Amino acid sequence: MEKTIKTKSVFFNGYFYPESKPLLPILDRGVCFGDGLYELIRCIGGKFLLFTRHINRMRKSADFLEIPFLYSDDELLETAQKLVKINEIKDGELYIEITRGNAPRYHEFPEKAKPNFFMVLNPLREMPDGCWIRGVKVITFPDIRWSYCHFKTINLLPNVLAKEMAKKGNAYEAFFMRGDEKGTYFTEGSSSSIFSVKNGVLRTPELDNILPGVTRDAVINIAKKLNIKVEERRVYLKEFKISDEVFLTSTVSEVMPVIQMDKKKISNGKPGFLTLRLQFHYKKFMQEHFQ
Ligand code: PDD
């Protein structure tokens, strides 16, 4: 029997199109300069996790970068819901991108460009078997990025290189490291936030030139509600090596135990108690925070 392959529909500047249709012109500032922002939002059962928080983060960055943000939260949520219906994808990842728009290729902001805005709903990516139960390996990688890492810009080449290095090392993620007068410290993963546990205290890098992760924030709040002490500060490599537990968080990874960093096992090489406790509570939180 012949199979019909359904083409995915995407939203672009106010209209829905088949994904295969070329939509971004080569003069798009995102294409030429990486002059744009993105968000990734989880869709579970056709609803969106912490939708407004993601959009707020994007809107705030767009304001700073003087990229006009033309849609209201309600319009965006309605559009996202339409993508669920049209594409019949219930569990997925909603990718949203805004760029400064089309203009002749001169570096300075163009006077008349109108932003390009698109949304694509993809099925949830495949994850390594049993990763949430068994935990994952990570590698370390120098943080070669710039000073505006709190913006979720589409300039992701350092992150791409770090993730590729992780893949080549048979690892799930790369943890970025920087240095100061006290030594080497961690910032964040190539697409995740970092946590460690020592003597029951949860530590995570402070919001100093890293992305304010939506999942990071949720996990910190959950931990505080569970009366777990949380420290937001620089976490140094030497502390990390002797931590009891390590985990990473992101929209896609949720709370993911880390059991090995480079060649060294974290503690006994098994997911830690507090990690699994937070993983459980975050799962519960997810069920309560859909829009
Ligand atoms: N990345 N840090 C970086 C550099 C990230 O790219 C991400 C997310 C995070 C975690 O943020 P959140 O909890 O809001 O998802 C931290 C997404 C998932 C991506 O690029 O695919």
Side-chain angles (χ1 to χ4, degrees), residues 30 34 36-44 48-61 91-98 118-127 131-132 136 138-167 172-178 185-196 202 204-223 232 235 246-256 258 278-279 281-283 285-286 289-291:
L37 296 161
Y38 79 103
E39 274 299 331
L40 195 85
I41 307 181
R42 267 297 280 279
C43 174
I44 305 181
F48 295 91
L49 179 63
L50 300 170
F51 189 84
T52 309
R53 282 197 217 175
H54 281 277
I55 299 299
N56 279 347
R57 180 168 71 183
M58 191 176 211
R59 197 187 291 283
K60 258 170 67 186
S61 304
D91 294 315
E93 309 172 8
L94 181 70
Y95 179 80
I96 310 177
E97 185 172 315
I98 184 168
F118 63 92
M119 275 193 189
V120 182
L121 180 62
N122 293 309
L124 212 54
R125 73 194 66 183
E126 264 187 45
M127 297 291 278
C131 56
W132 281 285
V136 295
V138 299
I139 59 155
T140 53
F141 196 83
D143 198 338
I144 51 176
R145 300 173 303 161
W146 65 336
S147 307
Y148 277 3
C149 297
H150 56 301
F151 296 136
K152 210 165 166 52
T153 76
I154 56 176
N155 296 271
L156 289 176
L157 198 48
N159 310 58
V160 166
L161 295 178
K163 191 76 99 188
E164 179 59 20
M165 200 56 87
K167 186 181 162 201
Y172 178 80
E173 174 63 305
F175 281 3
F176 282 130
M177 296 182 308
R178 289 190 199 128
Y185 63 95
F186 286 97
T187 53
E188 60 188 328
S190 71
S191 63
S192 60
S193 311
I194 301 178
F195 288 82
S196 71
L202 189 61
T204 192
E206 62 196 323
L207 291 181
D208 170 22
N209 198 16
I210 61 168
L211 188 80
V214 169
T215 323
R216 173 190 180 277
D217 186 59
V219 168
I220 289 175
N221 285 324
I222 292 168
E232 289 182 65
V235 186
V246 173
F247 65 89
L248 59 88
T249 65
S250 82
T251 294
V252 173
S253 300
E254 303 172 18
V255 174
M256 180 69 75
V258 174
L278 287 167
Q279 189 186 70
H281 284 277
Y282 181 70
K283 274 259 177 244
F285 169 92
M286 284 169 72
H289 290 82
F290 285 125
Q291 285 174 280

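One-based numbering, in listed order, for ligands and for the atoms of each. Please read these numbers as outputs of a predicted model, since none were measured by experiment.
With S192, A218, C149 as candidates, the residue nearest to atom 9 (C) of ligand 1 on a non-hydrogen basis is S192.
To the nearest 0.5 Å, atoms CD1 (I194) and CZ (F186) are separated by 6.0 Å.
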Review point. Can you check side chain to side chain donor-acceptor pair (under 3.5 Å) on S253 and Y172, steps first, answer last?
Key: CA-CA 10 Å; S253 300; Y172 178 80; 2.5 Å; yes
Point to revise | Pair T215-E254, side chain to side chain donor-acceptor pair (under 3.5 Å): steps then yes or no | key: CA-CA 7 Å; T215 323; E254 303 172 18; over 6 Å; no
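Each of R59, K152, H54, R53 was evaluated against E39; a single residue qualifies, H54, per the side chain to side chain donor-acceptor pair (under 3.5 Å) test.
By the neighbour-count criterion of 12 heavy atoms within 6.0 Å, atom CE of M165 is sparsely surrounded, having that number or fewer from other residues, nucleotides or ligands.
For the pair K152 and ligand 1, the shortest N or O to N or O distance falls below 3.5 Å. Any N or O atom pair closer than 3.5 Å counts here, and Y38 shares at least one such pair with ligand 1.
Nearest heavy-atom pair across N155 and G34 is ND2-O, 2.8 Å. Residues V136 and C131 come closest through the heavy atom pair CG1-CB, 3.8 Å.
Residue contact check for ligand 1: G189 places a non-hydrogen atom closer than 4.0 Å to it. For the ligand labelled ligand 1, residue S190 lies inside the 4.0 Å heavy-atom shell. R57 counts as a contact of ligand 1, since one of its heavy atoms falls under 4.0 Å from the ligand.
Closest to atom 15 (O) of ligand 1 among all protein heavy atoms lies T251 OG1, 2.5 Å. Closest to atom 2 (N) of ligand 1 among all protein heavy atoms lies E188 OE1, 2.7 Å.
When non-hydrogen atoms are compared, ligand 1 lies under 4.0 Å from the backbone of T215 as well as from its side chain. Contacts between V214 and ligand 1 below 4.0 angstrom, taking non-hydrogen atoms only, involve backbone and side chain alike.
Atoms of ligand 1 found under 4.0 Å from any heavy atom of L40 (numbered from 1 in listed order, with element): 18 (C), 21 (O).
With respect to E173 and K163, a salt bridge is recorded, a charged nitrogen being found less than 4.0 Å from a carboxylate O.
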